[in-house]
Number of protein chains: 2
Amino acid sequence: MEPLRPVVLERLIRYYRYLGEFTARKNVDTITSSQLGTVLHIDPTQVRKDFGAIGLMGISRVGYEVCEVCRAIRLVFGFDHPYPAVMVGAGNLGNALLSYPGFARYGLRIVAAFDNDPKKVGTFITGVEVQGIRSMKPFIRKHGIQMAILTTPVAVSQTIADRLVSAGIKAIWNFSPTRLSVPEDVLIRNEHISLGLAQVAYHLNGLREDEPRRLAILAQPCDEPCNPMEK
Amino acid sequence: MEPLRPVVLERLIRYYRYLGEFTARKNVDTITSSQLGTVLHIDPTQVRKDFGAIGLMGISRVGYEVCEVCRAIRLVFGFDHPYPAVMVGAGNLGNALLSYPGFARYGLRIVAAFDNDPKKVGTFITGVEVQGIRSMKPFIRKHGIQMAILTTPVAVSQTIADRLVSAGIKAIWNFSPTRLSVPEDVLIRNEHISLGLAQVAYHLNGLREDEPRRLAILAQPCDEPCNPMEK
DNA sequence: AAGCATTTGTGATTTCTATCACGTTTTAAG
DNA sequence: CTTAAAACGTGATAGAAATCACAAATGCTT
């Protein structure tokens, strides 16, 4: 099967998420493309095409078996063949992620956490022991881990990323707000919440609707500093 | 100006993010569309069109003034006219967000936090006092707050959302992994990290490249439960 | 059993997005 | 001063994505 386009993957995840809630509530085992479409604001045809793309066949006049849909989606992403992952950085964000119980549904199993704060080393967070950074590389090597979740402070992220790569990591889920350079064959997925924030801001800004002010400001010379507030 | 499409907004944010790092490092005050394009893997023409869409004019043979670009982008999103926001839920995630110093650059100012855990009420997190949930509605009303950040447990999120709406909130940045129902005029932006996770999973799964297994599984009847692991 | 309503699957069409190609402007060099 | 190179701005074009339209299939009702 040729690789699925990102936009399709995104919708598949939305279907999967909704169907999880759906089966928890309703006691029905089939769903139609228009039902899904209505809830998720996606055209029913699109739903059918997406399902077709991952080899799902619906039943005329009935719809799709929820159970089959979920299974097919899990298969596409490999959710039922969980990859072990390590968490690097056990601060607030690392803690929040470690204690999020929903990841199992997405095939994620965090098997170890690493932090260089001696006070944290040795403690357990939802069953996962926090180890010193020193132990990281041997641990990854020993267990053949391919995925790492990075929640370290920006200052050390690149250094840590280099070490992860040299230990054999093939994918980094990066929550540290910085750009990482890694070899071609290592996947970086940056989680930038600023994008979501920006969309909210744009909406609120649109409510204001003050076009003259905008133009007036743009007309002025740019005397303010470029980067008024620094992270 | 007609509203900008989401895909443009997304690129604008990527430009803004990069230019922040850029000016911090280099000591140059202009940048060309191809420089930006190379770094962000965006076609230079696209960069020029995006800049054109927000009223920016470049200079032939020179490029764009970084300072002007940043200012125009801030203007589009309203970043230099910060909206006060309240944080609801002061758990690990709430803490992580509250202590993230980068938000100021995106026009976000968190002015209060609310939690129903008596142990947390009265404490301060990076200068913001945690108050009881009771105080939430009057506080929002009194200060005319329009934006809320929701990091509560799924079980209470909808109830909280209802209260936020009735207090006058116009946009909710939702980190709680659940679907919220709110009136038409209230914007919900859901922050679902599962999407990022799924993309990483898809990549790793692709490395495996085991097509026969996939088809074999799909051919079997669907005897497993639909929702094998529950959050 | 027949007819009707509903739903799937898919080719055709439309709409949106990204890229190309090229004229224009500006700086720098010869 | 002239010419060349580099960058912008934008109409034209190609490529993706979403939607439409309709045949085929299936279940329900009478």
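Since this is a predicted model, take the numbers as computed values, not measurements. Throughout, protein chains are lettered first and strands after them, A, B, ... in sequence-line order, and every chain is numbered starting at 1.
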- So, the side chain of B:R189 versus the backbone of A:Q199: is there a donor-acceptor pair under 3.5 Å, distance only? no

Starting at [atom1] of [X] and ending at [atom2] of [N], how long is that distance when rounded to a whole Å?
X	N	atom1	atom2	value
A:D43	C:dG9	CG	C1'	14 Å
B:E65	D:dC8	CD	P	13 Å
A:F51	C:dT8	CZ	C1'	12 Å
B:E10	C:dT17	CD	P	12 Å
A:I31	C:dT6	CD1	C1'	16 Å
B:H41	C:dA18	NE2	P	16 Å
A:D50	D:dT19	CG	P	11 Å
B:R11	C:dT17	CZ	P	9 Å

- Please evaluate the base of C:dT8 for a donor-acceptor partner in the side chain of A:K49 within a cut-off of under 3.5 Å? no

- Could one point to a donor on the side chain of A:R5 or the base of D:dA17 with an acceptor on the other under 3.5 Å away?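 Looking at the base of D:dA17, it does not pair with any donor or acceptor on the side chain of A:R5 (distance under 3.5 Å).
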
- What about the rings of A:Y16 and A:F77, do their centers lie closer together than 6.0 Å? no

- Taken to the nearest 0.5 Å, the spacing of A:R17 CZ from B:L195 CG works out to 6.5 Å

- Side-chain N or O of A:R48 closer than 4.0 Å to phosphate OP1/OP2 of C:dT8: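 Answer yes for this pair, as a side-chain N or O of A:R48 is under 4.0 Å from OP1 or OP2.
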
- Message: For D:dC8 and B:S33 - does any side-chain N or O of the residue sit under 4.0 Å from the phosphate oxygens OP1/OP2?
- Response: yes

Closest to the [X] side chain, choosing from [options]:
X	options	answer
A:S60	C:dT7, D:dC8, D:dG27	C:dT7
B:M57	D:dG9, C:dC20, D:dA17	D:dG9
A:I59	C:dA18, D:dG27, C:dC20	D:dG27

- Hey, which of these two, A:V62 or A:I42, hits DNA chain D nearer its 5' end, going by closest nucleotide? A:I42

- Item | Given DNA chain D, 5'-ward residue of the pair A:V8 and B:R61, judged by closest heavy atom |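 Checking each residue's closest nucleotide, the 5'-ward one belongs to B:R61.
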
- Query: Is there a side chain to side chain donor-acceptor pair (under 3.5 Å) between A:S157 and A:T152 once you walk through the steps?
  - Reply: CA-CA 6 Å; A:S157 297; A:T152 51; 3.0 Å; yes

- Query: Looking across every strand, which nucleic acid part, if any, lies under 4.0 Å from B:G63 by heavy atom: base, sugar-phosphate, or nothing?
  - Reply: sugar-phosphate

- Query: What does A:T32 touch in the nucleic acid at a heavy-atom separation under 4.0 angstrom: a base, only the sugar-phosphate, or nothing?
  - Reply: sugar-phosphate

- Between A:V86 and A:V111, what is the shortest heavy-atom contact and its length? CG1-CG2, 4.4 Å

